[in-house]
Amino acid sequence: MSDNINPHGQTTGHVWDETLAELTNQPPKWWMLGLHASWILVVLYTIYYPSWPLASSHFKGIAGWTAIGEYKQDLKEITDVRAPFEKKLKGMDAAAILGDNQLKEYVTRSAKVLFGDNCAACHGSGGQGNPGFPVLVDDDRLYGGQIGTIVQTISNGRHGMMPKMGGMQLKPEEIDKLANAIYNGTITKEPLFMAKGCVGCHGVNAKGNQALGSANLTDKIWRFKAEDQLASIKYTITHGVNDASDPKTRKAEMPAWQSRLTETQIKKLAVYVHELGGG
């Protein structure tokens, strides 16, 4: 240990290499002020807000603040802003809401959460459709895209049906011909379309029938989209849709929501879905 006297102050006796020493100098004044300000702030904080545990509860704080109280206050502020719109909605049908631009914008914004909670599991968070479920962001609707129709669909659900055509109805080679004609957009030129009764549901122009929910076979928008679309078309023709007589049939059912959602919520969702498809 060196006997040299450090010109910067007293040391603790710890000296290394005769030049590096541990001093006993006081910390800078600004540092001490910061230290004292910190513990004073901690004490004030624990007095103002809930903090110290007690025997059966905890110190509530002189401010009386709680997380639940803050949540309720924030909720009240939001509810107060929404109240005039919500009151107006009760006396209007979905078509009238579409005619009021300010109300339509409010409904479209507020229904986004409603859609996410109830519809996104099948139709995707943006209406793009999850695998096996309908896309809502286009204007191709089996039952039509009118606002009243959408309200009816959400309220009562949909359970369309296409009978299986495999087996007794169509031979494999006939299914191949019909599927290829649909895939290539030439279905109206295929004689089997008329001869086998497809025209009865899909119409003479093969554009479908919204009253029945039958598909448009000319637009190449596929309800059951697949990597091998031709094979998917053949499967649908063979086994049908919601045909209880065929265990391999396509399952395509929209549940009714009128028992789970309020009338106002259904109107909101209808407007939201209507605008997803471009109105």
Side-chain angles (χ1 to χ4, degrees), residues 67-160 208-216 219 221-225 241-242 251-279:
I68 293 296
E70 183 172 317
Y71 160 74
K72 290 181 177 179
Q73 178 60 34
D74 291 344
L75 181 61
K76 182 180 182 303
E77 291 176 4
I78 295 173
T79 303
D80 289 344
V81 173
R82 291 179 173 179
F85 296 102
E86 294 293 332
K87 183 178 180 180
K88 191 175 181 181
L89 280 173
K90 292 182 179 180
M92 302 176 69
D93 60 21
I97 295 171
L98 286 174
D100 186 322
N101 289 332
Q102 187 181 30
L103 196 57
K104 180 176 71 174
E105 182 177 357
Y106 165 75
V107 167
T108 302
R109 290 176 181 272
S110 63
K112 186 174 183 179
V113 175
L114 195 61
F115 183 89
D117 289 344
N118 298 280
C119 313
C122 295
H123 297 289
S125 59
Q128 75 277 13
N130 287 327
F133 296 94
V135 173
L136 300 180
V137 293
D138 58 24
D139 60 356
D140 186 77
R141 306 286 169 85
L142 291 178
Y143 294 91
Q146 298 84 358
I147 187 64
T149 301
I150 298 174
V151 170
Q152 185 180 13
T153 298
I154 298 172
S155 299
N156 303 322
R158 295 290 182 183
H159 189 82
N209 185 333
Q210 291 181 351
L212 299 175
S214 57
N216 185 339
D219 58 7
I221 297 177
W222 314 112
R223 168 62 181 83
F224 301 100
K225 192 174 182 179
V241 180
N242 295 328
K251 302 296 183 183
E253 182 175 356
M254 163 80 176
W257 288 88
Q258 61 183 352
S259 62
R260 289 176 274 186
L261 297 174
T262 67
E263 182 181 352
T264 299
Q265 288 175 322
I266 290 174
K267 287 188 292 187
K268 284 183 176 182
L269 281 174
V271 170
Y272 183 81
V273 171
H274 182 271
E275 295 305 292
L276 277 180

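FYI, side chains are in, hydrogens and waters are out, and symmetry mates aren't considered; it's all heavy atoms of this structure. Everything numeric here is computed off the predicted structure, so don't read it as measured data.
Judged as a salt bridge (charged side-chain N to carboxylate O under 4.0 Å, His left out), the pairs with a partner in residues 251-268 (not counting sequence neighbours) are, in order, Glu86-Lys268.
Note that CG of Asp100 is 10.5 Å distant from CD of Glu105, once rounded to the nearest 0.5 Å. The structure places CG of Leu75 at 9.5 Å from NZ of Lys72, a figure rounded to the nearest 0.5 Å. Interatomic distance, NZ of Lys104 versus CD1 of Ile97, reported as 11.5 Å (0.5 Å rounding). To the nearest 0.5 Å, atom OH of residue Tyr272 and atom CD1 of residue Ile150 are 13.0 Å apart. Rounding to the nearest 0.5 Å gives a distance of 11.0 Å between CZ of Arg109 and CZ of Phe85. Here CD of Gln152 is found 10.5 Å from CD of Gln258. Values are rounded to the nearest 0.5 Å.
Considering all non-hydrogen atoms of both residues, Arg223 and Gly132 come closest at NH1-O, 3.1 Å. Closest heavy-atom contact between Ala252 and Val241: CB-CG1, 3.8 Å. Taking each heavy atom of Ala94 and Ile147 in turn, the nearest pair found is CB-CG1, 3.5 Å. For the residue pair Thr262 and Gln265, the shortest heavy atom distance occurs at N-OE1, 2.9 Å. Closest non-hydrogen pair, Arg141 versus Gln210, comes out as O-NE2, 4.0 Å. What you find for Phe115 and Gly124 is that their closest heavy atoms are CE2-O, 3.2 Å.
Taking a 6.0 Å sphere around CG of Asp93, one finds it holds more than 12 heavy atoms contributed by other residues, nucleotides or ligands. Atom CD of Glu77 has more than 12 heavy atoms from other residues, nucleotides or ligands within 6.0 Å.
The aromatic rings of Phe133 and His123 sit perpendicular to each other, their planes meeting at more than 60°, with 30° as the lower class boundary.
Distance alone, capped at 3.5 Å, is enough to place a donor-acceptor pair between the Asn130 side chain and the Ala120 backbone. At distances below 3.5 Å, at least one donor-acceptor pair connects side-chain atoms of Ser214 with backbone N or O atoms of Asn209. Of the possible donor and acceptor atoms, none in the side chain of Thr149 sits under 3.5 Å from a partner among the backbone N and O of Gly145. One N or O on the side chain of Asn242 and one on the backbone of Gly160 form a donor-acceptor pair closer than 3.5 Å.
Not counting sequence neighbours, the partners of Asp80 by the salt bridge (charged side-chain N to carboxylate O under 4.0 Å, His left out) test are Lys76.
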Handout entry: Residues Leu269, Trp257; criterion side chain to side chain contact (heavy atoms under 4.5 Å, CB included); working and verdict
Key = CA-CA 11 Å; Leu269 281 174; Trp257 288 88; over 6 Å; no
